[in-house]
Amino acid sequence: MKGTFRSLANPGYRLWFAGAAVSNVGTWMQRIAQDWLVLTQLTPNSATAVGVIMALQFGPSLLLLPFTGVAADRVDRRRLLLATQAVQSVLALLLGLLTISGTVVLWHVYVLAFLLGCATAFDGPARQTFLADLVGEAQLANAVALNAASFNSARMIGPAVAGLLIATAGIGGVFLINAATYMPVLGILARLERAVLPRPPAPELPGNLGAALRYLAARGDMLALLFMLFLVATFGLNFPIFIATMTVAVFHEDVGSYGFLTSMMAIGSVAGALLTAHRQSPRIPQIIRSAAIFGLCCLLAALAPGYAAFAALLQATGVAAQVFTTSTNSLLQLEADPAVRGRVVSIVLAVFLGTTPIGSPAVGWVADTWGPRWALGVAAASGFGAALVGLLFCRKQKAEGDA
């Protein structure tokens, strides 16, 4: 694994990485607590309600697309991140107070999820492009992969901690702890001003979102990657629904088992992110293979005969999903002109997160109507479909080269 952690040699990135690691744990704790609050206290185990909350939380990435990437390209990214992180902390605090006071109802969660989605819509492109400001172009792919490893390590730790805290401090206490985890990030961002590299002038691609769309329209490789990402992100990455409904409706387990399953998938995701970080640069054939393997793992998970087998298959699914998403994200960022990178990243995140309003309610409905195993079958189809799109693009590219 020599070279896997090479971007951590940058002092500024080390600070950012450490602060984000703490905040990521809190974020995953809140996700588990929020899903459990909705499933067990505010609804009668409604997967559809969880899907609606996911749609409200991730939909603003698409709704605010004309503004988020432009902000990342034109505004001081460090200051923008200070604002978005502070807003997220306040929203977690509000949800915690509502829950502890016993006044929380489903529409409160809906509204706060939407506001959180608005904050993260601006946070995402700024966070992704801020990595280049810290480590430079040469280490960007490695830093993206290590960030993914950090996020998924938190996915492994956060749910397990959330399961314990829900039983001891209550669901509301988990939300309050998450609000506090933003404090280290805010402190580190305040110290990072001197560590940020000068941003290169970019007069060649001025304008707004339209400039990025025109840029992408001329790049067949990037369009193919975006469509592959659209299929998997929309219909395949709804694992809060898959895992929650399989836990409750199929295996009849409790919140501790739900947290364990989420952590098991996260183990695979961390392995996938570290595997991607070890490689020098991603390639389209590698992305095609990971999409096909993701589809196969989802299909096998849908057919899992018991809880233990399902847990093991989630690990393999996590490896494939993370290699696919991290490699796709890295390759799109590396291929994008730095002048329009913030807007390209906002489009990538809109595809990755903003398509949730399409996919999560539909997948939740499939889980409620035909059962969680059929919902996982939809995820499997998304992986196979993405692999097919990639193969067709490579065949077309080869045919054009031969001509």
Side-chain angles (χ1 to χ4, degrees), residues 1-28 31 124 127-128 130-132 134-161 225 228-229 232-233 236-237 239 243 260-298 301 311-334 345 348 352 383:
M1 299 294 282
K2 183 179 179 181
T4 300
F5 303 97
R6 53 191 178 272
S7 56
L8 288 174
N10 181 293
Y13 179 68
R14 278 202 306 273
L15 274 176
W16 171 251
F17 185 87
V22 174
S23 180
N24 286 336
V25 171
T27 296
W28 277 107
R31 287 191 182 184
R127 178 188 290 261
Q128 293 283 339
F130 187 60
L131 295 180
L134 287 175
V135 302
E137 298 286 324
Q139 300 295 341
L140 178 58
N142 180 256
V144 169
L146 289 183
N147 267 23
S150 171
F151 185 74
N152 287 286
S153 296
R155 187 196 292 186
M156 182 168 49
I157 298 168
V161 174
L225 287 169
M228 293 169 68
L229 185 63
V232 173
L237 299 182
F239 279 93
I243 296 176
F260 175 76
L261 286 177
T262 305
S263 297
M264 290 296 285
M265 185 173 180
I267 292 172
S269 298
V270 171
L274 292 176
L275 177 63
T276 308
H278 180 64
R279 294 170 174 167
Q280 289 298 318
S281 59
R283 295 287 184 266
I284 287 182
Q286 166 195 328
I287 294 172
I288 294 172
R289 286 193 298 270
S290 62
I293 294 170
F294 171 77
L296 178 61
C297 290
C298 287
L313 286 163
L314 282 178
Q315 284 186 301
T317 305
V319 173
Q322 197 60 51
V323 170
F324 173 79
T325 56
T326 304
S327 299
T328 302
N329 182 17
S330 296
L331 187 55
L332 285 167
Q333 286 203 53
L334 287 169
V345 169
V348 172
F352 185 58

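For the atom pair Met228 CE and Ile284 CD1, the distance stands at 7.5 Å (nearest 0.5 Å). Atom-to-atom distance recorded for Ile157:CD1 and Trp28:CH2 is 13.0 Å, nearest 0.5 angstrom. Taken from OG1 in Thr326 to CZ in Phe151, the straight-line distance is 11.0 Å, to the nearest 0.5 Å. The CZ atom of Arg6 sits 10.5 Å away from atom CG of Leu8, with the distance rounded to the nearest 0.5 Å. The CD1 atom of Ile287 sits 9.5 Å away from the CG atom of Leu229 when rounded to the nearest 0.5 Å. Leu225 contributes atom CG, which lies 5.0 Å from atom CG of Leu332 (distance to the nearest 0.5 angstrom).
Taking all atoms of both residues into account, the shortest heavy-atom contact from Ser153 to Val270 is N-CG2, 3.2 Å. Taking all atoms of both residues into account, the shortest heavy-atom contact from Leu237 to Ala321 is CD2-CB, 4.2 Å. Residue Gly236 comes nearest to Phe294 through the heavy atom pair O-CZ, 3.3 Å, listed as atom of the first residue, atom of the second, then distance. In this structure, Arg127 and Ala20 approach most closely via the heavy-atom pair NH1-CB, 4.2 Å. Nearest approach of Val135 to Ala143, heavy atoms of both residues: CG2-CB, 4.0 Å.
Residues Leu131 and Phe17 have side chains not in contact (no heavy-atom distance under 4.5 Å, counting atoms from C-beta outward). Side chains of Gln128 and Val348 form no contact here, defined as non-hydrogen atoms less than 4.5 Å apart. Between Leu274 and Phe5 the shortest side-chain heavy-atom distance falls below 4.5 Å.
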**Report entry** Chi angles and distances behind the side chain to side chain contact (heavy atoms under 4.5 Å, CB included) call for Val144, Gln333
**Finding:** CA-CA 9 Å; Val144 169; Gln333 286 203 53; 3.8 Å; yes
Report task. Give the C-alpha distance, both sets of side-chain angles, the deciding distance and a yes or no for side chain to side chain contact (heavy atoms under 4.5 Å, CB included) between Ile293 and Phe324. Result -> CA-CA 10 Å; Ile293 294 170; Phe324 173 79; over 6 Å; no
Query - Worked check of side chain to side chain contact (heavy atoms under 4.5 Å, CB included) between Cys298 and Phe239 - result: CA-CA 10 Å; Cys298 287; Phe239 279 93; 4.1 Å; yes
Query raised in the report: Stepwise, does the side chain to side chain contact (heavy atoms under 4.5 Å, CB included) test hold for Thr325 with Gln322?
Result: CA-CA 5 Å; Thr325 56; Gln322 197 60 51; 3.7 Å; yes
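Between the Asn10 side chain and the Leu134 main chain, a donor and an acceptor come within less than 3.5 Å of each other. Using a distance-only test at 3.5 Å, with no hydrogens or angles considered, no donor-acceptor pair links the side chain of Ser330 to the main chain of Ser327.
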